[in-house]
Amino acid sequence: KGNYMYNHTIAALAITEAYGLTQSYTLRACAQRGIDFLSRAQNPYLAWRYIVQPVNNPNAEAPHYNDSSVTGWVVMVLKSAKIAGLEVPHECFEGARIWFDSVTDDQYYRTGYVVKGDRGARLKSQVGKFGNSESMTAVAVMSRVFMGMERHDPRVRGGAELLLQSLPEWSSENGTSKIDYYYWYYGTLAMFQMGGDYWRTWNVKMKKTLVEQQNSDKGTCLHGSWDPVGAWGSIGGRVYATAINVLSLEIYYRYERVFR
């Protein structure tokens, strides 16, 4: 129940991209309804969260009804919808821009999850088992690029520099795992758009880390999948782990670069 905005947004992304590929009349109506819902679900404080802000509580504090994670998924949907020719209100992008700026610090350009300075979220059962990552910084870099910000903007370049300091790595340190498929996915999206040395450095580590860990036992039904051992694997399972890693490895074919 508490995650329905995640569920809707990712489903809307799938149907919107399917429409963009096929231009199916049937898919267009469904995809547009998904975008319309996201537009209506945008909170008065300019972004999105797990739930829509209650009408009877319009004065709630902003952080309770906004977060960078859900907002990043929404930006991807809106970008895909715009490319596909669907109707996307400009206010949706503008609100997302303002939100990311409000939770990005001015020194390192690290982006927070719900407030400036935080290092993202972890499941209560996983606290201490997985280290902090630059997930929300990666989300913000990708979103800013998709929303038209220039490559040389300090918020874009500064965020990318932070990602270079935390490359994909299948390892642990002092009992704390560095495996985070979610971060690697958004980092891949962001660094692919950055291009140049940013992408070359990230791509080498990403390919090595993911390809070497894919199950290669052709004698079992696990062949081709990834173990759900990352930071969110305990709730997403093997389907999540495999899907999000495949999306990372599809980056070469999935999007064109904004920066030519």
Side-chain angles (χ1 to χ4, degrees), residues 3-53 65-103 111 135-136 138-151 153 155-156 159 182 185-194 240 243-244 246-260:
N3 297 327
Y4 76 85
M5 282 299 296
Y6 261 122
N7 299 337
H8 171 81
T9 304
I10 295 173
L13 178 61
I15 202 72
T16 297
E17 293 200 352
Y19 168 68
L21 288 170
T22 64
Q23 295 297 298
S24 164
Y25 174 80
T26 304
L27 290 177
R28 179 184 177 92
C30 183
Q32 186 62 62
R33 286 198 297 272
I35 301 303
D36 293 344
F37 176 82
L38 287 174
S39 176
R40 294 193 301 271
Q42 188 172 17
N43 292 312
Y45 291 101
L46 306 175
W48 291 264
R49 187 135 167 80
Y50 304 130
I51 59 175
V52 180
Q53 178 163 333
Y65 291 101
N66 300 275
D67 78 55
S68 297
S69 180
V70 176
T71 301
W73 284 106
V74 173
V75 169
M76 270 202 293
V77 180
L78 298 178
K79 178 67 173 179
S80 292
K82 190 173 182 179
I83 293 172
L86 299 173
E87 296 178 11
V88 181
H90 172 74
E91 293 77 14
C92 291
F93 288 117
E94 187 60 27
R97 285 192 192 96
I98 295 172
W99 168 255
F100 284 121
D101 286 349
S102 73
V103 291
T111 299
S135 297
M136 297 303 102
V139 169
V141 171
M142 177 215 70
S143 298
R144 285 172 167 137
V145 171
F146 281 176
M147 292 188 294
M149 194 169 285
E150 295 296 330
R151 187 174 186 265
D153 187 284
R155 291 162 292 185
V156 174
Y182 180 88
Y185 168 61
Y186 271 109
T188 299
L189 286 169
M191 297 298 246
F192 178 77
Q193 290 298 330
M194 291 298 293
Y240 153 77
I244 202 163
V246 167
L247 287 172
S248 293
L249 292 172
E250 284 181 344
I251 189 63
Y252 317 98
Y253 326 107
R254 193 166 169 218
Y255 292 106
E256 291 187 2
R257 281 196 172 98
V258 174
F259 307 126
R260 292 293 185 180

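Scope of the values below: all heavy atoms of this structure, side chains included, with no hydrogens, waters or symmetry mates. Positions are given from 1 along the sequence.
- Considering every non-hydrogen atom in both Arg49 and Val70, the closest pair reads O-CG1, 3.7 Å.
- The distance from atom CD1 of Ile251 to atom CZ of Arg257, rounded to the nearest 0.5 Å, is 8.5 Å.
- Using a 4.5 Å heavy-atom threshold, the side chains of Met136 and Asp67 count as separate.
- Crowding of Tyr252 atom OH: a count of heavy atoms from other residues, nucleotides or ligands under 6.0 Å exceeding 12.
- Proximity of a side-chain donor or acceptor of Ser102 to a complementary backbone N or O of Trp99 within less than 3.5 Å is detected.
- When side chains are defined from C-beta on, Val156 counts as touching Val145, because their heavy atoms get closer than 4.5 Å.
- Not one N or O on the side chain of Ser24 forms a donor-acceptor pair closer than 3.5 Å with the backbone of Tyr19.
- A heavy-atom distance below 4.5 Å is not found between the side chains of Trp73 and Met5.
- Within the model, atoms OH of Tyr4 and OG1 of Thr9 stand 10.0 Å from one another, a figure rounded to the nearest 0.5 Å.
- At a threshold of 4.5 Å between non-hydrogen side-chain atoms, the residues Val75 and Arg144 do not count as touching.
- Judged purely by atom type and a 3.5 angstrom limit, Gln193 uses its side chain to pair as donor or acceptor with the backbone of Val258.
- Of all non-hydrogen atoms in Ser39 and Pro89, the two that sit nearest each other are OG-CG, 3.4 Å.
- The two residues Ala138 and Ala190 have their closest heavy-atom pair at O-CB, 3.8 Å.
- The CG atom of Leu27 sits 10.0 Å away from atom CG of Leu21, with the distance rounded to the nearest 0.5 Å.
- To the nearest 0.5 Å, atoms SG (Cys30) and CD1 (Ile15) are separated by 4.5 Å.
- In this structure, Arg28 contributes its side chain and Gln23 its backbone to no donor-acceptor pair below 3.5 Å.
- Looking at heavy atoms from C-beta onward, Phe100 lies out of side-chain contact with Arg155 at the 4.5 angstrom threshold.
- In this structure the side chain of Tyr186 reaches within 4.5 angstrom of the side chain of Met76, judged on heavy atoms.
- Residues Ser80 and Tyr255 have side chains in contact (heavy-atom distance under 4.5 Å, counting atoms from C-beta outward).
- Distance CZ/Phe93 to CG/Leu78: 4.5 Å, rounded to 0.5 Å.
- Of the candidates Val103, Val139, Val141, Thr111 forms a side-chain contact (heavy atoms from CB on, under 4.5 Å) with just one, namely Val103.
- Side chains of Ile35 and Thr16 form a contact here, defined as non-hydrogen atoms less than 4.5 Å apart.
- When all heavy atoms of Ala96 and Trp48 are compared, the closest pair comes out as CB-CZ3, 4.3 Å.
- For the atom pair CE (Met142) and CE (Met147), the distance works out to 8.0 Å, reported to the nearest 0.5 Å.
- In this structure a side-chain-to-backbone donor-acceptor pair under 3.5 Å is present from Gln32 to Glu87.
- Closest non-hydrogen pair, Asn66 versus Ala47, comes out as OD1-N, 2.9 Å.
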